[in-house]
Amino acid sequence: MEIERKWMVGGWPKMPLPLLYEQKMRQGYICVRPTVRIREEAMTGGETEYVLCFKSSGGPDGTLVRQEIEISIEKDKFRELEDLIGIPLIPKVRRTYQLPDGLKLEVNHVDEGLPSEFWYAEVEYESKEQARAWDPAAISPELGEYLSDDVTDDPGQTMGAFWIETRLKGRPL
C-alpha cells in the first residue's frame, strides 16, 4: 500500500535539508488505468535498478492511498518493455531529503529542458491519518511555504495523466 501526498514546487528546496541520495530515472506506461509502469532508477554513484510497477487507480481518498506492487526486472526485460511502449520515456531526477520528523521528502524534476518541464514533491506516510494530519509548516515556515501547493486530491495530477498529456496526445491508441 502506498500512502503519499504530492505538491507542485518550483525547484530544489532552498532550506537546509540533508540530501540522502539522488537518482536519475526514466519511466513509461504500458497502461494508466490501472497503472502498469516501467522505471529505470540509476542511483548517482551507484547501481541501476529496473522496476515493473502496478498501481491501483485509487479510491474514495483519490490518489492519497493506492495499492502498489513493485517487481524488480532484468535490464533486458526492461528494454523489451521499453521497445513495446515505442515512445520516449519520461526522464526525471529525484533527490530524496531527510526531514527532521523522520519522514523523507522526494523532489522530482521532470522533462528538464522540454516545454513540459515541471517539478513536484512527495512524502510517503505510514497511515492515511498521519498523511492528512501532517503539516510541513510545523517543521519550518520555509518548508510550509515550499510545500504550499498541495495537489494530492486534484484530478489529473498523476504521472500517468502526465504521460497521456505529453506522450500520447494526438497518437492513435
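Computed from heavy atoms alone, side chains included, the values below leave out hydrogens, waters and symmetry copies.
- Between V51 and I73 the shortest heavy-atom distance is N-CG1, 4.2 Å.
- Heavy-atom neighbours of R79 CZ from other residues, nucleotides or ligands within 6.0 Å: above the threshold of 12.
- Looking only at distances, a side-chain donor or acceptor of R5 sits under 3.5 Å from a matching main-chain atom of W134.
- Formation of a donor-acceptor pair under 3.5 Å by the T48 side chain with backbone atoms of A42 is not found in this model.
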Next on the checklist: side chain to side chain contact (heavy atoms under 4.5 Å, CB included), that's the test. Do K92 and R39 meet it? Break it down for me.
Outcome noted: CA-CA 10 Å; K92 67 181 182 176; R39 183 158 63 199; 3.7 Å; yes
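- Of all heavy-atom pairs between G28 and I85, the closest is C-CD1, 3.9 Å.
- In this structure, K6 forms a cation-pi arrangement with Y120, its terminal cationic atom sitting closer than 6.0 Å to the ring centre and no more than 45° off the ring axis.
- The main-chain N or O of F78 is never found under 3.5 Å from a side-chain atom of E74 such that the two would form a donor-acceptor pair.
- Under a hydrophobic-cluster definition in which Ile, Leu, Val, Met, Phe, Trp and Tyr are linked whenever side-chain heavy atoms come within less than 4.5 Å, directly or via other members, L81 and L89 are assigned to the same cluster.
- The line from CG of L64 to OH of Y125 is 8.5 Å long, rounded to the nearest 0.5 Å.
- Without hydrogens or angle criteria, E106 side chain to R94 main chain gives no donor-acceptor distance under 3.5 Å.
- Minimum heavy-atom separation, S57 to R66: C-CD, 4.0 Å.
- Salt bridge status for K55 with E2: present, with a side-chain N to carboxylate O gap under 4.0 Å.
- A distance-only check finds a donor-acceptor pair linking the side chain of D135 to the backbone of A137 [under 3.5 Å].
- Aromatic ring orientation, H109 versus W12: perpendicular (interplanar angle above 60°, classes split at 30° and 60°).
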Item to check | Intermediate values then yes/no, side chain to side chain contact (heavy atoms under 4.5 Å, CB included), V9 and V107 | outcome: CA-CA 8 Å; V9 296; V107 181; 4.3 Å; yes
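- With L143 as reference, P136 is the one residue of P100, P13, P136 to meet the side chain to side chain contact (heavy atoms under 4.5 Å, CB included) rule.
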Checklist entry - What do the steps show when you test E68 against M1 for side chain to side chain contact (heavy atoms under 4.5 Å, CB included), and what is the final call? => result CA-CA 5 Å; E68 180 180 64; M1 191 67 62; over 6 Å; no
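- For E41, the CD atom sits in a packed shell: over 12 heavy atoms of surrounding residues, nucleotides or ligands are nearer than 6.0 Å.
- Panel note: side chain Q130, backbone E126; a donor-acceptor pair is recorded below 3.5 Å.
- Using a distance-only test at 3.5 Å, with no hydrogens or angles considered, a donor-acceptor pair links the side chain of T44 to the main chain of E22.
- The number of heavy-atom neighbours closer than 6.0 Å to CD of E70, taken from other residues, nucleotides and ligands shown, is above 12.
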